[in-house]
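One structure is given here, and the rest of the page talks about it.
Labels below follow one simple rule: chain letters A, B, ... track the order of the sequence lines, proteins then strands, and each chain is numbered from 1. Fair warning: this is a prediction, and the values are worked out from it, not measured in the lab.
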Amino acid sequence: MLDKTYRPSEVEPKHYEQWEKSGAFAARTDSNRSPYTIMMPPPNVTGSLHMGHALTFTLQDVLVRYHRMAGRDALWQPGTDHAGIATQMVVERQLEAQGVTRHDLGRDKFIERVWDWKAESGGTITRQLRRLGASPDWAKERFTMDEGLSDAVRKVFVTLYKQGLIYRDKRLVNWDPKLHTAISDLEVEQREVKGHMWHFKYPVEGEEGVFITVATTRPETMLGDSAVAVHPEDERYAALVGKMVRLPIVGRLIPIVADEYSDPTKGTGAVKITPAHDFNDFEVGKRHDLPQINIFDRDAKLNDAVPEDYRGMDRYDARKKIIAAMEELELLDKVEPNPHTVPYGDRSGVVIEPWLTDQWYVDAPTLAKPALEAVETGKTKFHPKHWENTYYEWMRNIQPWCVSRQIWWGHQVPAWYGPDGHVFVEEQEAEALAAAAAHYGKAVELTRDTDVLDTWFSSALWPFSTLGWPQETPELKRYYPTDVLVTGFDIIFFWVARMMMMGLHFMGDVPFKDIYIHALVRDEKGQKMSKSKGNVIDPLVLMDKFGCDAVRFTLAALAAQGRDIKLAENRVEGYRNFATKLWNAARFCQMNECAPVDGFAPDAVKEIVNRWVVGKVAETADKVAQALAGYRYDAAANAAYQFVWGTFCDWYLEFAKPIFGGTDEAAKAETRATAAWVLDSILHILHPFMPFITEELWSQMGNRDTQLMLRPWPVLPGLHDGAAEEEMDWVVRMISTIRAVRSEMNVPPSAQVELLATGLTAAKGEWAKTHADLINRLARLAVLETAADPQRVAQAFSHGAAQMVVDEATLVLPLAGIIDVDKERARLEKEIVRVESEVAKVDKKFANPDFVARAAPEVVEENRERRDEWMAAKTKLQEALQRLSGA
RNA sequence: GGGCGGUUAGCUCAGCCGGUAGAGCGCCUGCUUUACACGCAGGAUGUCGGCGGUUCGAACCCGUCACCGCCCA
């Protein structure tokens with residue numbers, strides 16, 4: 001016997017362990033089923049489960065579990081990435097606590113410490129994924145720093161280098177002066193700040209008392225100025241173009257150049273040009289062949305390229321000093337408040353400095369072309385579709401991808417330098433040495449490049465490196481390209497685009513056929529969750545409180561396409577209640593001896609209620625499957641919810657009660673078997689969403705030798721029975737109508753009244769007889785007269801009665817002593833008004849001659865029928881009102 | 001400035017091909033109906049953001065405006 005309530009904390013670990021141990025998650029290369037593959041976007045090895053993870057992994061698990069049941073050989077490839085900077089920072093912070101820096105340890109020892117840390121703490125997120133019920137093939141778990149994945153990284157780097165698609169270049173990068181590394185554009189956060197615009201007067205050389213005024217938000221960079229630019233069509237400055245100015249403080253002579261970059265409407269229309277410290281100025285500098293004067297060191301302190309007084313100063317101290325000096329020189333024209341954006345490193349939180357360095361670049365513009373084409377031609381499809389615009393936008397404007405990072409934790413660049421700086425790019429040192437020997441004609445010593453590669457470089461290879469590439473493994477052959485990538489929009493640039501480029505280049509095919517982009521989880525007020533706001537909802541806490549299944553179901557039910565998820569705890573509570581409801585329904589079945597019957601054939605049931613419900617099961621299984629095929633998680637979850645609660649519990653089980661309590665043994669046996677079958681089907685349908693409770697009920701509701709998670713998805717053609725549906729819909733309509741009138745007329749629930757039906761068609765009279773037990777029980781009637789004697793009806797009226805219309809029939813509820821005649825009259829009048837308004841709506845359509853002439857005939861016909869029905873109802877209600885008044 | 005998304009019941013949101021506006025929560029009323037009060041039954045609530053257009057017919061299609069959110073510059 002099932003416990004009184006479902007206790008998730010006792011059930012969840014048990015089933016998870018069984019699934020994992022029994023190999024139920026494993027994909028099988030030798031399977032004859034067609035593969036279904038999802039690459040799990042690898043969470044950071046430093047990570048722990050947050051709501052975003054809970055959403056994305058729930059959605060992936062729903063797909064994987066569903067497709068596994070639907071007969072596919074499902075591979076959900078798990079793993080984590082090494083998260084270069086993040087991980088390095090974690091370990092550095094630990095060292096800091098012991099008063100040690102990574103430089104004290106040295107590179108090798110430090111890397112060892114990181115691996116130690118990974119072994120100890122790196123498994124947090126994968127443990128938490130198990131808590132969530134995720135069903136990836138854990139045996140295949142990979143890590144971006146694995147040997148195999150590292151081989152892939154080296155192979156890709158060397159191949160691209162030899163193809164001319166990776167090169168070394170000196171360009172401006174986003175330099176993080178705290179972390180001492182280049183970071184990607186995407187790791188730079190543009191923050192709006194209330195800054196100032198300083199207007200500096202630069203004296204024009206050779207023209208006493210003539211100045212050109214430039215406006216800048218970064219006064220300190222003037223020490224690196226190499227020109228002043230004005231717009232070529234700006235007449236104010238036309239005469240000055242070609243002249244020189246004497247840069248204050250520094251004393252350097254710099255030219256005034258004409259360049260369209262200068263915006264005549266902004267500031268003074270003249271702009272100082274610092275090619276080594278601003279991305280736009282860098283371009284201007286190249287156009288005018290200006291010197292690039294680097295004035296900062298790696299800490300963003302001033303270097304020896306500036307006047308002695310300023311050397312070694314911090315950039316912000318220098319700013320103050322410059323402003324003071326300019327004021328002193330009477331060259332500070334004015335200062336205006338100026339809100340503008342400033343780049344911050346999203347990891348370090350410090351202001352990023354554009355800095356000239358030598359870095360490794362991937363020729364992204366070249367690789368992007370096939371990646372763009374793959375989406376344009378529909379080889380890979382975005383869901384929802386509009387995200388392809390974001391992808392196009394990014395891919396069409398893609399810049400060379402700087403892949404080197406000046407940190408230690410990551411894949412070290414496979415490049416070695418000879419004594420003269422000549423570079424040898426090879427997968428192994430031995431090969432580099434050999435290449436060098438060939439180049440120099442003798443063996444030489446080489447030094448390896450100290451940089452490591454951007455983490456996204458290795459994650460870009462994830463869809464094939466995890467399958468064994470560059471080895472030609474059976475997995476690679478079978479599971480690439482994958483079916484779908486499920487992820488948030490925030491990493492379309494970071495990751496999706498890069499996997500597309502690498503996949504196409506190295507595998508010759510797209511890495512996935514579909515890309516499902518889901519929303520962000522926000523708090524109930526729609527704000528982004530953040531630690532600083534304190535509005536973070538921890539999925540683990542929610543799971544403790546409501547059970548994992550409730551959390552999963554909530555996330556799926558709220559995952560409507562194109563909208564963020566506002567998560568409120570009461571939603572989770574509601575779906576916990578749903579789990580309880582299911583549990584209790586199963587208990588009810590158990591108490592009534594509804595056990596699964598071997599060889600039960602749902603298409604052979606005879607009782608109308610049973611024929612009706614099996615049809616609904618088929619319909620629901622179908623709806624859920626179709627919704628999932630279109631990534632409509634919300635629709636899938638709601639279809640299941642509505643059937644389980646609104647049809648199975650609210651109606652079918654209630655219909656079953658009088659049968660169970662009755663004397664028709666054949667009907668009883670059939671209904672028991674049907675109820676058990678329906679419940680089993682429900683468990684199948686809900687399993688992808690609620691794996692734990694369904695597996696538990698599956699194991700408790702019968703003698704099973706299989707796990708639910710490996711059972712086939714219900715595909716049930718031919719079960720829909722239109723006649724049964726029409727009949728049961730009528731029964732439901734009867735009961736609902738009677739209940740509503742009882743409630744409105746304040747008939748006590750305990751009062752068992754009789755019902756006199758008149759005007760039933762012959763067919764419905766039969767239905768009424770067949771289902772009298774059901775109707776009586778659910779509408780709380782003592783007797784149902786299916787063809788009431790007119791005299792009885794008249795008599796009923798003389799003592800007071802309520803009346804209602806169901807289709808063509810009038811139902812009379814004798815309520816002697818209970819009924820308030822005025823109230824009943826008012827109720828009927830209100831009902832008539834409502835019906836009249838329905839008639840009026842249809843009449844309005846017919847009043848327009850074009851409607852009949854131009855609308856589709858079936859629409860016209862449908863409206864005509866509807867009008868007839870409403871009119872008939874109106875007539876009956878009016879008769880009822882008259883009878884009441886005559887009584 | 002460019003792009004995308006949103007605006008439907010008190011709240012959160014569905015509403016696929018244009019043809020009778022829905023759900024959950026909340027609210028109100030009643031109920032120890034032997035599965036379930038994490039429940040049952042019943043009920044109220046809408047200028048589908050504004051304006052214009054297309055159409056026999058618009059929550060839905062088109063245009064425009066307003067407001068909110070996000071991304072990019």
Just to be sure I understand the rule, does A:Glu388 reach a base, reach only the sugar-phosphate, or reach nothing, if contact means heavy atoms closer than 4.0 Å?
nothing

A:Glu619 with A:Lys623: basic N within carboxylate O range, under 4.0 Å
yes

Of all the choices, B:U33, B:C4, B:C36, which nucleotide is nearest to the side chain of A:Arg780 once you look at every atom?
B:U33

Can you find a pair of side-chain heavy atoms, one from A:Met728 and one from A:Trp651, that are under 4.5 Å apart?
no

Comparing A:Val859 with A:Arg854, nearest RNA chain B nucleotide closer to 5' gives the residue A:Val859

Spacing of A:Asp622 atom CG relative to B:C16 atom C1', expressed in whole Å
15 Å

Of the options B:U12, B:A35, B:U20, whose atoms approach the side-chain atoms of A:Lys566 most closely?
B:U12

Could you tell me the Watson-Crick or G-U partner of B:U64, where both distances fall under 3.5 Å? Say none if there is no partner.
B:G50

Tell me whether the side-chain N/O atoms of A:Lys657 come closer than 4.0 Å to OP1 or OP2 in B:A35.
yes

Could you give the CD-to-P distance, from A:Glu569 to B:G26, as a whole number of Å?
13 Å

Sticking with atom C1', work out how far B:C11 lies from B:G26, rounded to a whole angstrom.
7 Å

Measure from the side-chain heavy atoms of A:His386 and tell me the nearest of B:C4, B:G42, B:U12.
B:C4

Using a 4.0 Å heavy-atom cut-off, does A:Cys589 contact any base of the nucleic acid, only the sugar-phosphate backbone, or nothing at all?
nothing

Using the C1' atom on both, measure B:A37 against B:G30 and round to a whole Å.
14 Å

Please walk me through it: do A:Tyr641 and A:Tyr575 pass ring-ring contact (aromatic ring centres under 6.0 Å, His included)?
CA-CA 9 Å; A:Tyr641 182 99; A:Tyr575 291 117; 5.6 Å; yes

For A:Trp645 and B:G39, give me the distance from atom CH2 to atom P, rounded to whole Å.
5 Å

Consider the side chain of A:Pro749, meaning its heavy atoms from C-beta on, and name the nucleotide among B:C31, B:C56, B:A41 that approaches it most closely.
B:C31

Could you tell me whether A:Arg739 contacts a base, only the sugar-phosphate backbone, or nothing, with contacts defined as non-hydrogen atoms closer than 4.0 Å?
sugar-phosphate

Determine the Euclidean distance between corresponding P atoms of B:A21 and B:G49; express it in Å to zero decimal places.
16 Å

Over how many whole Å does the gap from A:Arg777 atom CZ to B:C40 atom P extend?
15 Å

Closest nucleotide among B:G42, B:C70, B:C56 to the A:Ser736 side chain
B:G42

Using whole Å, what does the distance between atom P of nucleotide B:C56 and atom CZ of A:Phe851 come to?
12 Å

Can you tell me the pairing partner of B:U33 across any strand shown, Watson-Crick or G-U wobble, with both distances under 3.5 angstrom?
none

Residue A:Asp634, side-chain heavy atoms: nucleotide from B:A14, B:C56, B:G42 that is nearest:
B:A14

Which nucleotide, B:C31, B:A14, B:A35, lies nearest any side-chain atom of A:Phe588?
B:A35

Using heavy atoms and a sub-4.0 Å distance, could you list which residues of residues 576-587 of chain A are near RNA chain B? By number, please.
A:Arg576, A:Asn577, A:Thr580, A:Lys581, A:Asn584, A:Ala585, A:Arg587

Stepwise salt bridge (charged side-chain N to carboxylate O under 4.0 Å, His left out) test for A:Lys876 and A:Glu808
CA-CA 8 Å; A:Lys876 291 200 168 51; A:Glu808 69 296 319; over 6 Å; no

A:Arg866/A:Glu862 ion pair, N-O < 4.0 Å
yes

Quick one: sort the A:Phe578 and A:Trp645 rings into parallel, tilted or perpendicular, breaks at 30° and 60°.
parallel

B:G19 OP1/OP2 closer than 4.0 Å to side-chain N/O of A:Lys845:
no

Span that lies between the P atom of B:C48 and that of B:C61, in whole angstrom:
16 Å

For A:Asp346 and B:C71, what is the distance between atoms CG and P respectively, to the nearest whole Å?
13 Å

The glycosidic conformation of B:C17, counting syn as within 90° of 0 and anti otherwise, is syn

In whole angstrom, give the distance that lies between atom CD1 of A:Ile565 and atom P of B:C25.
19 Å

Does some side-chain heavy atom of A:Ile515 sit less than 4.5 Å from a side-chain heavy atom of A:Trp387?
no

Complementary nucleotide of B:U55, counting Watson-Crick and G-U pairs under 3.5 Å
none

What's the gap between B:C27 and B:C17 when it is taken at their P atoms, as a whole Å value?
36 Å

For the residue pair A:Lys657 and A:Phe588, would you count it as a cation-pi contact if the rule is NZ or CZ under 6.0 angstrom from the ring centre and within 45 degrees of the ring axis?
yes

Measuring from the side chain of A:Ser743 (C-beta onward, heavy atoms only), which nucleotide among B:G42, B:C4, B:C25 has the closest atom?
B:G42

Is a donor-acceptor contact shorter than 3.5 angstrom present between the side chain of A:Glu393 and the base of B:A73?
no

Taking a pair as Watson-Crick or G-U wobble with both distances under 3.5 Å, which nucleotide is matched to B:C16?
none

Using atom P in both nucleotides, what's the gap between B:A14 and B:U8 to the nearest angstrom?
11 Å

Suppose you measure atom P in B:A41 against the same atom in B:G19; what distance do you get, rounded to whole Å?
31 Å

Of the non-hydrogen atoms in A:Ala640 and A:Thr620, which two are nearest, and what is the gap between them?
CA-CG2, 4.1 Å

Between A:Leu653 and A:Glu862, name the one whose nearest nucleotide on RNA chain B is closer to the 5' end.
A:Glu862

Between C1' of B:G43 and CD of A:Glu831, the distance in whole Å
13 Å

Could you tell me whether a side-chain N or O of A:Arg672 sits under 3.5 Å from a main-chain N or O of A:Asn592, the two making a donor and an acceptor?
yes

Determine the interatomic distance between C1' on B:U45 and the same-named atom on B:A9; round to the nearest Å.
6 Å

Answer for the Watson-Crick or wobble partner of B:G10, both distances under 3.5 Å, is B:C25

Considering only heavy side-chain atoms of A:Asp650, the closest of B:A41, B:A14, B:G19 is B:A41

Test item: A:Met804 and A:Leu813 side chains (from C-beta on) under 4.5 Å apart, heavy atoms
yes

Nearest to the side chain of A:Arg571, heavy atoms from C-beta on, is which of B:U12, B:A35, B:C25?
B:U12

